[in-house]
Structure formats: C-alpha cells, structure tokens
Amino acid sequence: MAIWLTSESKVIVQGITGAEGSKHAARMLRAGTNVVGGTNPRKAGQKVELEGHSVPVFGTVAEAMAEAGADVSVIFVPPAFTKAAVLEAIDAEIPLAVVITEGVPVHDTAAFWAHAVATGNKTRIIGPNCPGIASPGASNAGIIPADITGSGRIGLVSKSGTLTYQMMYELRDIGFSTCVGIGGDPIIGTTHIDALAAFQDDPDTDAIVMIGEIGGDAEERAADFIKANVTKPVVGYIAGFTAPPGKTMGHAGAIISGSAGTADAKKAALEAVGVKVGKTPTETANIMRALMQG
C-alpha cells in the first residue's frame with residue numbers, strides 16, 4: 001500500500017507538450033506510472049508520442065478527468081502560469097495536484113492555496129517547488145528518480161528534493177512505501193504534519209523518516225503533532241547544522257533569528273518527543289536501518 005499515489009492512480013501532466021512536461025512524462029511512463037494524458041488548451045485533441053505510448057492531450061483538467069478518469073495532475077508549467085494551472089486543477093476537483101514548478105511567486109501560492117481551502121480542500125496540493133511523490137514499484141509523479149530505491153515499509157517526507165533522493169538511496173536495501181517531497185517554499189500545500197498523519201494511518205508503513213531544514217517552525221509544529229498523534233517510530237534529519245545565524249540559506253524561506261529556526265533548536269524539539277535525529281543524512285539512515293533491522 002502507499003499514501004496518496006498508488007498503482008491505480010491515473011496521472012495527467014499539465015504542460016505535457018512543453019520540454020519539461022514531455023521529458024518527465026516519458027520518464028514517469030518508464031517508471032510504470034499510469035500516465036493517461038496531459039493538458040494544453042491550444043493543442044487539445046492531439047496526441048504526443050512518449051516511450052511507445054500515444055498519449056492524448058486534453059484541453060482542460062476537467063476533460064481529462066471525465067474522459068480518462070484522471071485523479072492526479074503533475075504540473076510542469078512556467079511560474080507565470082502556475083497559479084492558473086493550479087486553480088484549474090482545484091476547480092476540477094482533481095484529488096491530487098503535484099506542483100513541480102520552481103520560482104512561483106509567494107502571493108500566487110497563497111492565492112491558490114486559499115482557493116483550495118475555500119472550496120473545501122477537495123484537492124491535495126503537493127508543492128510548489130518540489131520533486132513530487134513516488135511510491136516505489138507502484139507509481140511516480142514528479143521528478144524523483146525511479147531507480148534509486150525499491151518498495152518497502154518506510155515512509156519519507158522531506159522539504160529538500162536532493163535529500164529526498166539521498167535518503168531513498170541510503171535506505172535502498174530496505175525500501176519505501178511512499179516518498180513525498182513537500183518543497184521548501186515559505187508557503188506550501190502538503191506539510192510534514194499531513195504526511196505524518198497519512199503514514200501513521202497507513203498499515204503498510206512501519207516507520208517514518210522526516211527531513212527538515214533551518215528556518216521557520218514547521219519542524220517544531222511537527223514535533224508537537226508527533227507527540228500527540230504518532231505511535232510509529234520517527235527518525236529525523238535537519239539540514240543546516242553549520243549555517244550561520246542571520247542568513248537566508250537555500251530555499252528554506254526563513255532567516256534564523258537567535259535560537260529560533262536553527263537546526264539545533266529543531267533537533268532538540270524533535271528529540272524531546274522521542275524522535276532520533278541524525279547529524280548527517282548517512283547517520284540518519286543508519287539510525288533507521290538499525291531500527292528496522294533490530
């Protein structure tokens with residue numbers, strides 16, 4: 001089993017005729033993802049040839065849902081058009097929208113996230129500026145490499161795309177139920193807490209790896225949630241132990257101020273609720289490996 005993305009998921013790519021959309025749609029098909037179409041209002045009715053598949057192009061997300069049964073959209077459109085693409089997905093009430101695009105203006109993300117909430121949260125948004133979601137051996141929606149790990153019983157949620165890949169590779173001998181890259185922008189859809197709750201409820205996930213970053217308080221809030229709601233073992237890693245105070249680092253989207261938002265502060269908050277936190281990704285993976293094998 002997996003969370004949010006399974007072998008039964010029917011995936012479309014908004015922007016499938018663009019360079020990035022077509023490239024990654026082909027890669028997803030190679031990974032076994034059930035890509036049932038894509039959208040481009042200017043090329044509706046056409047087909048694109050990808051990996052030996054003739055993939056239909058629909059005018060809208062709603063048409064893809066009605067005609068192909070789509071229930072997941074992966075969005076590969078330029079930042080200036082991302083808000084409109086996500087709003088379209090929300091209005092169509094597709095269950096899952098994975099927003100890969102980097103550089104989406106924060107006010108655009110705020111607008112489409114507010115619209116999702118106002119219309120009843122019928123569409124789960126992952127991202128923006130994220131690598132997507134992968135359930136190894138079942139389906140892959142986004143840009144996560146499909147061949148670096150296998151299926152297993154660990155759930156992974158991460159702000160960082162590259163650290164998502166590294167953790168998947170480090171624990172490839174054990175494998176994952178689902179790996180979710182939530183993105184590190186100041187405003188995102190799905191959070192650590194959302195993924196923790198889903199993994200807690202998934203009978204085929206035995207343990208969870210949570211990767212965070214300096215800045216903000218998402219990891220501290222996740223620690224509070226773990227204390228109150230998560231009974232499965234959680235292992236954590238916080239990127240940025242050597243980051244200097246007062247600097248915006250990477251895409252964490254926040255400035256460290258005093259002790260707030262530092263890797264040490266987040267590590268302390270997580271360890272206070274029983275989460276074992278590694279100082280490096282490899283150390284974190286070894287903690288999880290010992291836990292799963294012991």
How about [X] and [Y]: does a side-chain donor come under 3.5 Å of a side-chain acceptor?
X    : Y    : result
S139 : S7   : no
N40  : T17  : yes
T205 : R153 : no

Can you list the residues that meet the side-chain contact (heavy atoms from CB on, under 4.5 Å) rule with [X], with sequence neighbours excluded?
X    : value
R289 : L171, D173, I174, N286, Q293
I3   : T178, V180, A198, F199, D202
P233 : A207, L291
D71  : S9, K10, P95

H192: what forms a ring-ring contact (aromatic ring centres under 6.0 Å, His included) with it, not counting sequence neighbours?
none

Who are the ring-ring contact (aromatic ring centres under 6.0 Å, His included) partners of F176, not counting sequence neighbours?
none

What's the verdict on side-chain contact (heavy atoms from CB on, under 4.5 Å) for V74 and V35, showing C-alpha distance, side-chain angles and the deciding distance?
CA-CA 10 Å; V74 186; V35 178; over 6 Å; no

Would a hydrophobic clustering, with Ile, Leu, Val, Met, Phe, Trp and Tyr connected at side-chain separations under 4.5 Å, put [X] with [Y]?
X    : Y    : answer
V117 : I193 : no
M210 : V235 : yes
M288 : V230 : yes

About how many Å separate [atom2] of [Y] and [atom1] of [X], when rounded to the nearest 0.5 Å?
X    : Y    : atom1 : atom2 : answer
T190 : I182 : OG1   : CD1   : 8.0 Å
F76  : T82  : CZ    : OG1   : 11.5 Å
I238 : E219 : CD1   : CD    : 4.5 Å
M168 : D147 : CE    : CG    : 9.0 Å
I100 : N129 : CD1   : CG    : 9.5 Å
I133 : I144 : CD1   : CD1   : 7.5 Å

For the [atom1] atom on [X], are there more than 12 heavy atoms of other groups (residues, nucleotides or ligands in this structure) within a distance under 6.0 Å?
X    : atom1 : value
K232 : NZ    : yes
E283 : CD    : yes
F225 : CZ    : yes

Minimum heavy-atom distance between [X] and [Y], given as atom pair plus value:
X    : Y    : answer
I75  : A97  : CD1-CB, 4.4 Å
A141 : L5   : N-CD2, 3.8 Å
I16  : G38  : CG2-CA, 3.6 Å
T33  : L29  : O-CD2, 3.8 Å
Y237 : G278 : CD1-O, 3.3 Å
C130 : V98  : SG-CG1, 4.2 Å

Within-4.5 Å side-chain heavy-atom neighbours: [X] and [Y]:
X    : Y    : value
F112 : P128 : yes
Q200 : N229 : no
W113 : I188 : no
P281 : T284 : no
I214 : T262 : no
S73  : L96  : no

Other than V36, what residues sit in its cluster of Ile, Leu, Val, Met, Phe, Trp and Tyr side chains whose heavy atoms are under 4.5 Å apart, directly or through others?
I12, V61, M65, I94

Transitive ILVMFWY cluster of V106, excluding itself - 4.5 Å side-chain cut-off:
I187

Using side chain to side chain donor-acceptor pair (under 3.5 Å) as the criterion, list what pairs up with [X], not counting sequence neighbours.
X    : answer
D217 : R221
T60  : none
T6   : none
T123 : none

Should the pair D264-K279 be classified as a salt bridge under the 4.0 Å nitrogen-to-oxygen rule?
yes

Salt bridge (Lys or Arg N to Asp or Glu O under 4.0 Å) between K266 and E220: does it pass, once the steps are laid out?
CA-CA 6 Å; K266 293 173 184 293; E220 287 88 345; 3.2 Å; yes

Do any N or O atoms from the side chain of H107 and from the backbone of P105 form a donor-acceptor pair under 3.5 angstrom?
no

Pair K159, E213 - check salt bridge (Lys or Arg N to Asp or Glu O under 4.0 Å), show working.
CA-CA 7 Å; K159 276 187 179 180; E213 295 176 336; 5.1 Å; no

The residue among I211, L163, T149 that forms side chain to side chain contact (heavy atoms under 4.5 Å, CB included) with L156 is I211

